[in-house]
Amino acid sequence: MVRAPKGTHDVLWPASSRWEALVAAFAGRARRAGFGLTITPMFEDARLFRRGIGGQSDVVNKEMYEFTDRDNRPLALRPEGTAPVVRAFVQHHPPVPWKAWYVTPAFRYEQPQAGRYRQHHQLGVEVLGTEDPDLDVEVIALAAGFYADLGLREIDLAVNSMGCAEDRPRYIAALSEFLAEHASELCDEHSERYGVNPLRVLDCKRPECRAVTELAPRLVDFLDEACAAHLARVRSGLDALGIVHRLEPRLVRGLDYYTRTTFEFSATALETAQNAVGGGGRYDGLAEAIGGDPTPGIGFGIGIERLLMACDAEGCFAALPHPPHAFVIDLTGGEQARDLVDELRRAGLTALRAYDGRSLKSQLKQADRSGARYAVMIGAEELAAGVVTVRPLREAGGEKTEQETVARPEITARLRELTGEG
RNA sequence: GUGGCCGUAGCUCAGUUGGUUAGAGCGCCAGGUUGUGGCCCUGGAGGUCGGGGGUUCAAGUCCCCUCGGUCACCCCA
């Protein structure tokens with residue numbers, strides 16, 4: 001049997017109704033903050049990601065789905081959402097500040113595990129054209145507010161600053177020196193390889209490394225005046241908006257383009273290893289790195305699958321059913337149902353029907369299963385008399401009502417009245 | 001890329017030291033009720049036992065390989 005590729009999954013109805021609601025909630029928040037939906041290609045010139053994300057990152061180095069098309073163009077399925085949006089900005093130079101939101105699949109060749117897939121989906125925003133720290137606050141507040149909209153309470157927000165191009169080399173030098181002195185205390189993985197990318201060691205979760213990095217020099221102590229002031233303004237802004245967060249000097253995100261503000265949201269209710277439900281930061285050098293004018297930018301990505309896992313863990317954001325208004329039952333051959341569902345739908349009602357000329361019992365069973373509030377029955381008697389029978393299928397407001405006979409021309413109006421859709 | 005655990009019906013699972021024609025519950029279909037759903041009863045459909053190879057008189061069961069799922073490392077959403 002042909003199955004979905006490893007690490008991918010289907011989201012079938014009705015489970016997908018949660019996705020609809022999730023995206024709608026995010027779109028609403030984004031729209032209110034001045035963001036517009038942005039759609040960019042699912043695949044890009046592979047060089048965009050190499051230059052943008054960075055050649056030494058794992059994402060580019062060993063996780064990209066790369067291929068060449070029939071004209072030998074080097075292409076890659078997008079492993080993340082930021083670089084393509086920044087590319088679109090550079091290509092079209094819209095007026096700044098440019099605020100874009102997106103929802104997109106992302107592809108990474110990984111070993112699947114809880115909360116990690118080869119195709120996952122992200123919601124995100126990007127803003128190009130300003131380095132105002134109040135914007136950082138606004139962007140973080142957007143994500144935080146969205147989590148709250150879903151009913152999530154157990155969200156940890158870690159914030160750090162990666163400094164700028166001047167700060168970073170000074171810090172990396174100091175960190176390397178420190179790690180060299182403590183190399184023997186690091187975990188097996190890093191004791192000999194800390195030099196490749198010293199910042200990575202800060203990310204290591206092994207107790208040995210944690211113990212060492214606990215005492216390591218902190219990037220925040222190496223910030224120049226402007227970067228320090230920027231971070232301070234971001235933090236005071238978060239405080240002012242009541243957004244609880246903590247400074248995490250070891251927060252080093254795996255994509256190379258980050259500068260200054262970085263942040264990560266974790267769902268502490270998740271007991272799985274992958275509990276980061278959103279992350280992002282500033283990337284003031286990215287536009288230039290991919291060939292555009294120097295333009296500051298900031299954004300975040302939120303993983304939909306992990307977010308829903310977090311909602312499950314907290315028991316919030318349950319799927320809401322969408323019960324149909326009516327289920328049309330036709331015992332006379334189907335023409336009546338064909339015409340009536342069309343009429344009801346034109347009137348704005350949700351109308352379903354059965355097919356294949358099933359028995360009354362079978363059709364009523366389907367009507368019941370559909371969750372419809374009313375069955376509209378048309379048999380030989382109704383057809384001859386020019387009426388339909390409207391049968392309530394569930395108690396509305398605790399009140400039990402009897403089925404009634406309605407003149408055929410009146411049925412749409414009657415159903416609108418009964419369902420309160422008038 | 002590495003390691004642990006697991007693959008039997010659409011779903012959740014049972015299947016004895018290898019031994020007739022592989023089962024249950026739920027779901028689906030039909031009938032009981034030739035025009036009344038849910039509850040109940042009866043019946044039915046549905047399986048290359050993940051795939052391939054091997055051992056054996058005999059393999060769902062044992063062995064090898066492989067694919068997939070799952071969890072973890074790495075890293076990220």
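- For Y374(A) and F327(A), the ring centers sit 6.0 Å or farther from each other.
- An aromatic stacking contact between H121(A) and the base of rA77(B) is absent, as defined here by ring centres under 5.5 Å apart and ring planes under 30° from parallel.
- When the P atom is compared between rA22(B) and rU48(B), the two are found 13 Å apart, to the nearest whole Å.
- With both ends at atom C1', the span from rC73(B) to rC26(B) equals 38 Å, rounded to whole Å.
- Using a 4.0 Å cut-off between charged side-chain N and carboxylate O, R391(A) and E402(A) make no salt bridge.
- OP1 or OP2 of rA30(B) has at least one side-chain nitrogen or oxygen of S362(A) nearer than 4.0 Å.
- One finds a side-chain N or O of R369(A) lying less than 4.0 angstrom from the OP1 or OP2 phosphate oxygen of rC29(B).
- When the P atom of rC73(B) is taken as reference, atom NZ of K62(A) falls 14 Å away, rounded to whole Å.
- With a 6.0 Å cutoff to the six-membered ring centre and a 45° limit on the axis angle, R118(A) counts as a cation-pi contact of Y109(A).
- When the side-chain nitrogen and oxygen atoms of Q113(A) are compared with OP1 and OP2 of rU70(B), none of them lie within a distance under 4.0 Å.
- Mapping Q403(A) and H120(A) onto RNA chain B via the closest heavy atom, the residue that lands nearer the 5' end is Q403(A).
- A ring-centre distance under 6.0 Å is found for F146(A) and F26(A).
- Of all nucleotides listed (rC71(B), rG37(B), rC73(B)), rG37(B) comes nearest to the side chain of L393(A).
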